[in-house]
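What follows is a single structure, written as structure tokens, with notes after it.
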Amino acid sequence: MAIKAQKGTKDMLPQDAYKWKYIEDEWNKICAEYGFKEIRTPVFEATELFNRGVGDTTDIVQKEMYTFEDKGGRSITLKPEGTSPTVRAFIENNIYAETQPTKVFYDTACYRYEKPQSGRLREFHQFGIENFGTNSMLADAEIIALGYEFLNRMGLKNTELHISSVGCRNCRPVYREALQDFLRPKYDELCETCKTRFDKNPMRILDCKSDKDQELVKGAPMMIDFLCEDCKKDFEELKMHLDAMGIKYVVDPSIVRGLDYYTKTAFEFIKVDGGSQGTVCGGGRYDHLIEEVGGPDMPGVGFGLGKERLIMMMEEAGSDFGGEFKPQIFVAWIGDESREYAVKLITELRNKGIRAEIDTKERNFKGQMKFANKTGAAYTAVIGEDEVKSDEITLKNMETGEQTKVKREDLANAL
Ligand code: ATP
Ligand code: MG
């Protein structure tokens with residue numbers, strides 16, 4: 001039996017690769033414009049990093065991690081997200097001791113053992129940015145602005161920015177109790193996962209994907225109504241910055257980032273009517289994560305953006321992904337005597353930076369012209385006896401059929 005790709009993984013085939021290249025180029029460009037520098041971290045890490053950095057009450061750690069023991073008996077995990085490894089590198093390389101803030105971006109594969117479906121894979125890819133070392137809401141606004149402008153450039157008209165505040169260590173405990181009081185009478189009806197969340201992380205119950213639990217949490221108290229003065233002030237400031245930046249948003253108290261080290265700002269870019277795979281980008285502030293992973297007490301804010309979901313949404317929106325690269329010229333030859341001349345010509349053109357193609361299958365002239373059509377080349381040069389003698393090339397415009405003669409040394413410029 002033929003070997004197949006693993007469940008939840010996908011080949012990126014040549015006919016789609018240009019789409020990836022396009023979003024990656026645009027991503028690198030916008031990150032530079034906003035002053036973020038790239039960081040690359042290993043594919044695997046010590047499992048402990050994610051237990052602490054993602055949190056052991058989350059779905060990711062409880063159900064979705066690719067964890068195994070290596071030959072040296074270490075517990076290894078393929079990275080399920082990009083923030084914790086970035087934080088680890090920030091600490092390990094003493095970047096925290098340099099002038100702050102530290103602004104980094106990444107582009108990485110992630111691994112989660114999920115039930116594969118549209119927009120949900122086991123190997124998927126994320127763009128992300130982080131800003132470490134500042135409490136200012138200007139950092140949060142800048143992070144959101146980059147996401148907003150990026151999705152705008154990618155032509156996603158159908159997405160909405162939802163923002164909220166999840167409070168801090170001062171106001172969350174009060175809210176937590178109010179939420180538990182509300183949920184206590186419904187405890188027996190909650191799903192098994194949510195029963196375990198009740199004590200450890202009740203806010204995640206609000207985020208449960210089961211319809212029954214969604215029904216049960218209707219009318220629950222909301223964190224946004226419990227914010228302390230400091231969190232209230234920060235949330236107002238964030239909105240003020242977003243207004244000044246001309247960014248449209250919806251305040252949505254149902255957004256949950258229910259871990260102790262997530263604080264204040266939480267946001268998502270959501271496809272309107274997109275269902276449960278409708279979130280293309282999610283992020284927020286995590287003022288205690290760096291400390292939790294073993295670093296100094298330093299704040300941070302960032303987001304992760306799913307590349308597969310982004311490409312899917314761009315396809316739906318009819319994006320041309322900047323157009324696929326096609327040959328500028330196809331060099332065809334008539335008869336064996338002309339072949340080496342064609343080989344020389346194509347070498348010359350390529351060395352001058354022209355995208356030039358030749359038939360490495362050596363079909364006859366008719367076959368070459370048919371193939372030239374298939375490659376989508378803009379022009380074809382036909383090399384025959386006359387061309388070899390005169391050093392003048394017949395150039396055919398593949399769209400109009402028009403033919404012109406061009407001197408060999410002028411050919412690259414003519415294109
Ligand atoms: P969801 O609620 O859809 O499971 P999440 O909260 O687990 O998403 P994050 O951890 O915030 O997602 O990851 C950021 C982004 O990565 C998501 O908004 C989404 O675009 C993408 N993403 C997450 N999990 C997957 C996956 N299994 N396959 C493809 N993309 C994913
Ligand atoms: Mg998930």
Side-chain angles (χ1 to χ4, degrees), residues 5-10 12 20 23 27 50 53-66 77-87 105-130 143-144 146-148 150-151 154 156 158-164 166 193 197 201 203-210 213-214 252 254-259 261-262 265-272 274-286 289 300-316:
Q6 289 298 292
K7 204 172 159 182
T9 69
K10 261 194 183 151
M12 186 210 297
W20 290 73
I23 62 166
W27 172 250
F50 302 112
V54 180
D56 40 24
T57 59
T58 57
D59 281 358
I60 293 181
V61 170
Q62 285 191 342
K63 301 189 283 202
E64 298 172 358
M65 290 208 305
Y66 273 90
T77 295
L78 304 184
K79 65 171 129 169
E81 54 100 45
T83 303
S84 321
T86 306
V87 168
F105 76 88
Y106 58 78
D107 174 357
T108 182
C110 297
Y111 300 86
R112 297 186 193 175
Y113 196 79
E114 302 211 61
K115 198 167 151 229
Q117 49 199 292
S118 161
R120 201 174 285 287
L121 292 148
R122 291 184 173 173
E123 180 186 66
F124 67 100
H125 301 81
Q126 272 189 3
F127 291 140
I129 49 172
E130 320 285 352
I143 294 266
I144 292 174
L146 189 152
Y148 187 87
F150 181 61
L151 295 180
M154 295 303 95
L156 297 194
N158 209 12
T159 51
E160 265 177 13
L161 165 63
H162 289 212
I163 63 167
S164 188
V166 295
T193 318
R197 288 169 174 157
N201 193 355
M203 279 176 84
R204 283 222 76 95
I205 298 177
L206 301 176
D207 200 28
C208 180
K209 292 199 166 84
S210 125
D213 288 23
Q214 276 306 315
D252 177 357
S254 73
I255 291 177
V256 180
R257 281 218 146 4
L259 275 170
Y261 23 95
Y262 286 106
T265 312
F267 63 89
E268 285 182 0
F269 288 90
I270 301 173
K271 186 178 163 208
V272 184
S276 67
Q277 274 83 259
T279 305
V280 62
C281 173
R285 179 164 274 280
Y286 42 83
L289 175 60
V301 54
F303 72 60
L305 192 159
K307 288 165 73 177
E308 282 84 358
R309 286 190 201 176
L310 172 63
I311 286 176
M312 263 169 59
M313 290 182 194
M314 287 171 71
E315 281 169 346
E316 280 168 30

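Residue numbers count from 1 along this sequence. Just so we're clear, the structure is a prediction, and the values are computed from it rather than from any experiment. First listed ligand is number 1; within each ligand, the first listed atom is number 1.
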Q: Could you walk me through whether Asp59 and Arg197 pass salt bridge (Lys or Arg N to Asp or Glu O under 4.0 Å), step by step?
A: CA-CA 10 Å; Asp59 281 358; Arg197 288 169 174 157; 2.8 Å; yes

Q. Who's touching ligand 1 if we go heavy atoms under 4.0 Å?
A. Arg112, Glu114, Gly119, Arg120, Leu121, Phe124, Gln126, Lys209, Arg257, Ser276, Thr279, Val280, Cys281, Gly304, Gly306, Arg309

**Q.** Nearest non-hydrogen partners of Arg120 and Glu114, listed with the distance
**A.** NH1-OE1, 3.1 Å

Q) Do the ring centers of Tyr66 and Tyr113 come within less than 6.0 Å of each other? A) yes

Q) Who pairs with His125 by ring pair (Phe, Tyr, Trp, His ring centres under 6.0 Å), at least two apart in sequence or on another chain? A) Trp20

Q) Any idea which heavy atoms bring Gln126 and Gly304 closest together, and the distance? A) OE1-CA, 4.2 Å

Q: Kindly determine whether Glu316 and Lys271 satisfy salt bridge (Lys or Arg N to Asp or Glu O under 4.0 Å), including the steps that lead there.
A: CA-CA 11 Å; Glu316 280 168 30; Lys271 186 178 163 208; 2.7 Å; yes

